[in-house]
Amino acid sequence: METDDSLTALDPAYCKVLRISAGVQALVLLVIAGFLESLPPPPGSFLIPVALLAIWLVAIAPARRFSRWGYRLDGDLLRITRGYLFYRDTVVPLGRIQHIDVQQGPLMRRYDLATLTVHTAGNLNAGVDLPGLRHDDALAMRETIRQHIKQAQP
């Protein structure tokens, strides 16, 4: 990803949320691998590779995912960038936004984070998510977008 200093990074607590979510997924994989260890192949043929994958999922992947997100809200555009191997740079004109959601799951609520979702007119990528915002920041962004839409209406 090209470094763009004008983009705002997500809240650092979001990396913790990603690690916890990955830890739950890794735990499920480890339980399944433990069950498969009881089958005839040699011991360790399932558990060792899955344990290595679990370590990567929890220790490395969340920080990489977190560092590849950025956003900017200025003028009449919302820009969201994410990804490394599959890079996506989304620019949403505020005038195309139909409605805005601010969501919090239990884990996000624990860290006072939220996901801002903007729904646009059209079918392709009609909903654009921006996770990992402080809850207050997400509410402020929602209000800023709402005010822009309200002023743009004739």
Side-chain angles (χ1 to χ4, degrees), residues 1-73 77-92 94 96-145:
M1 177 172 96
E2 296 177 17
T3 305
D4 189 346
D5 294 331
S6 64
L7 294 177
T8 304
L10 301 180
D11 190 278
Y14 185 58
C15 191
K16 293 177 187 175
V17 170
L18 290 173
R19 282 191 201 284
I20 293 169
S21 297
V24 170
Q25 294 170 352
L27 184 62
V28 170
L29 289 175
L30 287 169
V31 167
I32 292 169
F35 171 74
L36 292 175
E37 280 296 310
S38 64
L39 299 177
S45 61
F46 290 107
L47 198 53
I48 292 172
V50 170
L52 293 174
L53 175 65
I55 290 169
W56 183 83
L57 282 173
V58 175
I60 298 169
R64 285 190 177 183
R65 285 182 58 202
F66 171 78
S67 70
R68 301 298 180 185
W69 278 86
Y71 70 94
R72 181 176 65 225
L73 175 63
L77 298 173
L78 172 62
R79 179 180 179 205
I80 302 171
T81 63
R82 60 200 170 278
Y84 179 72
L85 186 60
F86 298 100
Y87 180 74
R88 179 175 277 179
D89 189 343
T90 305
V91 178
V92 180
L94 299 185
R96 303 253 316 146
I97 295 175
Q98 300 293 312
H99 65 278
I100 312 152
D101 295 325
V102 175
Q103 306 152 1
Q104 282 185 304
L107 190 54
M108 296 278 269
R109 195 170 21 259
R110 164 72 174 92
Y111 287 95
D112 193 32
L113 298 175
T115 298
L116 179 77
T117 303
V118 294
H119 300 274
T120 61
N123 293 334
L124 183 63
N125 296 327
V128 180
D129 292 331
L130 179 57
L133 298 173
R134 276 269 157 230
H135 186 250
D136 293 339
D137 294 341
L139 294 175
M141 283 180 72
R142 180 180 68 184
E143 185 60 27
T144 300
I145 294 169

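Just so it is clear, the structure is predicted and the values come from calculations on it, not from any experiment.
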> Going from CG on L10 to CD1 on I80, what distance comes out if it is rounded to the nearest 0.5 angstrom?
Replying inline: 9.5 Å
> Applying ring pair (Phe, Tyr, Trp, His ring centres under 6.0 Å), which residue pairs with at least one partner in residues 32-57 are found, sequence neighbours left out?
Replying inline: none
>> Before you tell me yes or no, could you show the steps for R72 and S6 under side chain to side chain donor-acceptor pair (under 3.5 Å), namely the whole-Å CA-CA distance, both residues' side-chain angles and the distance that decides it to 0.1 Å?
In response: CA-CA 7 Å; R72 181 176 65 225; S6 64; 2.5 Å; yes
>> Run Y87 and R82 through side-chain contact (heavy atoms from CB on, under 4.5 Å) and show every step you take.
In response: CA-CA 6 Å; Y87 180 74; R82 60 200 170 278; over 6 Å; no
> Any side-chain heavy atom of L73 sitting closer than 4.5 Å to one from L94?
Replying inline: yes
> When rounded to the nearest 0.5 angstrom, what is the spacing between CG in L7 and CH2 in W69?
Replying inline: 12.5 Å
> About how many Å separate CE of M141 and CG of L130, when rounded to the nearest 0.5 Å?
Replying inline: 5.5 Å
>> Could you measure the distance from the CD1 atom of I60 to the CD1 atom of I55? Nearest 0.5 Å is fine.
In response: 9.0 Å
> How far does CD1 of I48 sit from CG of L53, to the nearest 0.5 angstrom?
Replying inline: 14.0 Å
>> What I'd like to find out is whether the side chain of L113 reaches to under 4.5 Å of the side chain of Q104, using heavy atoms alone.
In response: no
>> Filter on salt bridge (charged side-chain N to carboxylate O under 4.0 Å, His left out), then keep only pairs touching residues 130-139, sequence neighbours left out; what's left?
In response: D11-R134, D112-R134
> What residues, two or more places apart in sequence or in another chain, satisfy side-chain hydrogen bond (donor to acceptor under 3.5 Å, both in side chains) together with E143?
Replying inline: R146, Q147
> Quick one: side-chain contact (heavy atoms from CB on, under 4.5 Å) partners of A138, sequence neighbours excluded?
Replying inline: V102, A114, L133
> Are I100 and T117 side-chain neighbours, meaning at least one heavy-atom pair lies under 4.5 Å?
Replying inline: no
> Between R68 and T81, is any pair of side-chain heavy atoms under 4.5 Å apart?
Replying inline: no
>> Counting neighbours of CZ on R64 that are heavy atoms of other residues, nucleotides or ligands and sit closer than 6.0 Å, is the number greater than 12?
In response: no
>> Suppose we screen for side-chain contact (heavy atoms from CB on, under 4.5 Å). Which residues come up paired with V91, at least two apart in sequence or across chains?
In response: L77, R79, D89
Extract all donor-acceptor atom pairs below 3.5 Å that involve side chains of residues 12-30 and protein atoms in other chains or at least two apart in sequence.
unit_1, atom_1, unit_2, atom_2, d
R19, NH1, V58, O, 2.7
R19, NH1, A59, O, 2.9
S21, OG, V17, O, 3.1

> How would you list, by chain and number, every residue that makes a side-chain hydrogen bond (donor to acceptor under 3.5 Å, both in side chains) with T115, sequence neighbours excluded?
Replying inline: none
>> side-chain contact (heavy atoms from CB on, under 4.5 Å) for V118 and L78? Distances and angles first, verdict last.
In response: CA-CA 10 Å; V118 294; L78 172 62; 4.2 Å; yes
>> Under the rule for side-chain hydrogen bond (donor to acceptor under 3.5 Å, both in side chains), what residues qualify as partners of H119, not counting sequence neighbours?
In response: D101
